[in-house]
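Notes follow once the structure below has been shown.
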Amino acid sequence: MIDSAAEIAGLFPEGIAVAVWNLTVPPPEPLPDEARAVARAVPARRREFAAGRASARLALERLGHPHVGPIPAGPDRTPVWPIGIVGSITHCAGLTAAAVGQTSEFRGIGLDAEPAMPLEPELVPVVCSRRERSWIDAQREVDSLDWPKLFFCLKEAVQKCVFLELRTLLEFSDVEVHPEPERRTFRATAATDSQPELSSLLARLQGRFAHTPTHCVGGAWIPR
């Protein structure tokens, strides 16, 4: 299981701080301005949200910001970071983590984790383009890695990374990812030429990934 900050921190360059919340420890209650986002949620979702905010505060402390106020959810449900901060939170079964950096150094940060369960067959053509599926078909099996699920994870990390700049949600079909399995790195490109701003951002995006029998994790960042 990917359960240490060191493992996930290894996905990112210097200047990005990472924290993983120990899910055996109940997280502190969210601050009032944060709790409004999950006021009507079921208890499991409230615990998940609280663990995400707790990991974000721990990451900010490691970045040198120990006294951070609320990190509320915006109208689009994404975290509203303190001025000068960019970051990403991920939570899935068995793993909650956050990665943060300074806006003076990074235009975007994306972190996504997914359980290492195969992607449902009917979702594969939704998540992966024809070119991506052809690439996957040519790969040998790597430690039981389900490539379509990893592509799902990497595209989620890319979405989080570019959202602050684009302020729009991408479809899976908007982006193609290009892993380099030996190096555990990836790059991303726009699937068409119709979104020049996206193409420009993706040209600078860098990414790494990790996988174990329990989770796959993708980290992406756009330097200034």
Side-chain angles (χ1 to χ4, degrees), residues 2 4-21 34 52-92 95-114 150 153-170 174-180 183-190 195-210 216-224:
I2 298 174
S4 74
E7 287 179 277
I8 298 181
L11 300 176
F12 293 100
E14 184 177 354
I16 294 179
V18 169
V20 176
W21 188 257
E34 299 170 337
R53 274 0 189 226
S55 63
R57 260 186 273 281
L58 183 55
L60 285 164
E61 183 176 339
R62 291 173 179 170
L63 191 65
H65 299 269
H67 305 295
V68 173
I71 307 171
D76 47 31
R77 300 176 61 187
T78 60
V80 179
W81 298 97
I83 294 173
I85 298 296
V86 63
S88 184
I89 300 172
T90 188
H91 34 65
C92 67
L95 180 60
T96 296
V100 296
Q102 307 277 4
T103 56
S104 58
E105 297 182 53
F106 301 96
R107 295 177 67 180
I109 294 173
L111 172 62
D112 191 68
E114 302 292 337
L150 179 66
C153 178
L154 299 186
K155 290 191 179 188
E156 287 290 308
V158 169
Q159 160 67 50
K160 294 177 181 181
C161 189
V162 302
F163 184 80
L164 184 65
E165 294 280 338
L166 296 180
R167 287 295 172 185
T168 187
L169 292 175
L170 299 175
D174 289 329
V175 173
E176 292 189 335
V177 293
H178 311 274
E180 296 185 35
R183 299 175 60 192
R184 294 293 190 266
T185 63
F186 73 95
R187 60 187 179 87
T189 57
Q195 300 186 64
E197 186 178 3
L198 174 61
S199 296
S200 177
L201 285 171
L202 295 182
R204 301 196 63 200
L205 183 144
Q206 301 175 50
R208 299 189 185 119
F209 65 90
C216 57
V217 183
W221 65 95
I222 302 173
R224 284 287 174 192

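We use all heavy atoms of the structure for the numbers below, so side chains are in, but hydrogens, waters and symmetry mates are not. Note that the structure is predicted; figures quoted are calculated from it, not measured.
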To the nearest 0.5 Å, how far apart are OG in Ser88 and CG in Leu164? 11.0 Å

For the student: nearest non-hydrogen atoms of Thr103 and Arg224, plus distance: O-NE, 2.7 Å

Of the options Asp112, Val175, Ile222, which is the one that meets Val158 in a side-chain contact (heavy atoms from CB on, under 4.5 Å)? Val175

With no hydrogens and no angle check, is any side-chain donor or acceptor of Ser55 less than 3.5 Å from a backbone partner on Thr96? no

Shortest non-hydrogen separation from Glu114 to Cys153 and the atoms involved: CG-CB, 3.9 Å

Output, in order, the C-alpha distance, side-chain angles, deciding distance and verdict of side chain to side chain contact (heavy atoms under 4.5 Å, CB included) for Thr90 and Leu95. CA-CA 8 Å; Thr90 188; Leu95 180 60; 5.5 Å; no

Got a second to check how far Thr168's OG1 is from Phe163's CZ, nearest 0.5 Å? 7.5 Å

Test your reading of the model: is there a side-chain donor-acceptor pair from Arg57 to the backbone of Gly69, 3.5 Å cut-off? yes

Using only atom types and a distance under 3.5 Å, with no angle test, would you say the side chain of Glu180 pairs donor to acceptor with the backbone of Thr185? no

Heavy-atom closest pair, residues Val68 and Pro82: CG1-CG, 3.6 Å

Taking atom CZ as the centre, does Arg77 end up with more than 12 heavy-atom neighbours from other residues, nucleotides or ligands that are less than 6.0 angstrom away? no

Applying side chain to side chain contact (heavy atoms under 4.5 Å, CB included) to Val177 and Arg187, what does each step give before you reach the verdict? CA-CA 6 Å; Val177 293; Arg187 60 187 179 87; over 6 Å; no

Heavy atoms only: give me the nearest Ala73-Arg53 pair and the separation to one decimal. N-NH2, 3.7 Å

Measure the spacing between CD1 of Ile8 and CD1 of Ile16 and express it to the nearest 0.5 Å. 13.0 Å

Which pairs with one or both residues in residues 195-210 pass salt bridge (Lys or Arg N to Asp or Glu O under 4.0 Å), sequence neighbours excluded? none

Approximate separation, where rounding is to 0.5 Å, of Leu205 CG and Phe186 CZ: 6.0 Å

Are there more than 12 heavy atoms of other residues, nucleotides or ligands under 6.0 Å from atom CZ of Arg167? yes

On a heavy-atom basis, which atom in Leu11 and which in Trp221 lie closest, and how many Å separate them? O-CZ3, 3.1 Å

Pair Leu111, Val217 - check side chain to side chain contact (heavy atoms under 4.5 Å, CB included), show working. CA-CA 7 Å; Leu111 172 62; Val217 183; 3.7 Å; yes

Polar side-chain atom of Ser200 near backbone of Pro196 as donor-acceptor pair, under 3.5 Å: no

Ignoring hydrogens and geometry, is there a side-chain-to-backbone donor-acceptor pair from Gln159 to Leu170 under 3.5 Å? yes

Return the set of residues passing side chain to side chain donor-acceptor pair (under 3.5 Å) with Glu165 (not counting sequence neighbours), or none when no residue passes. Arg107

Taking all atoms of both residues into account, what is the closest heavy-atom pair of Phe106 and Val86, and its distance? O-CG1, 3.7 Å

CD of Glu176 to NZ of Lys155, rounded to nearest 0.5 Å, is 6.5 Å

What distance do Asp174 atom CG and Leu166 atom CG have between them, rounded to the nearest 0.5 Å? 9.5 Å

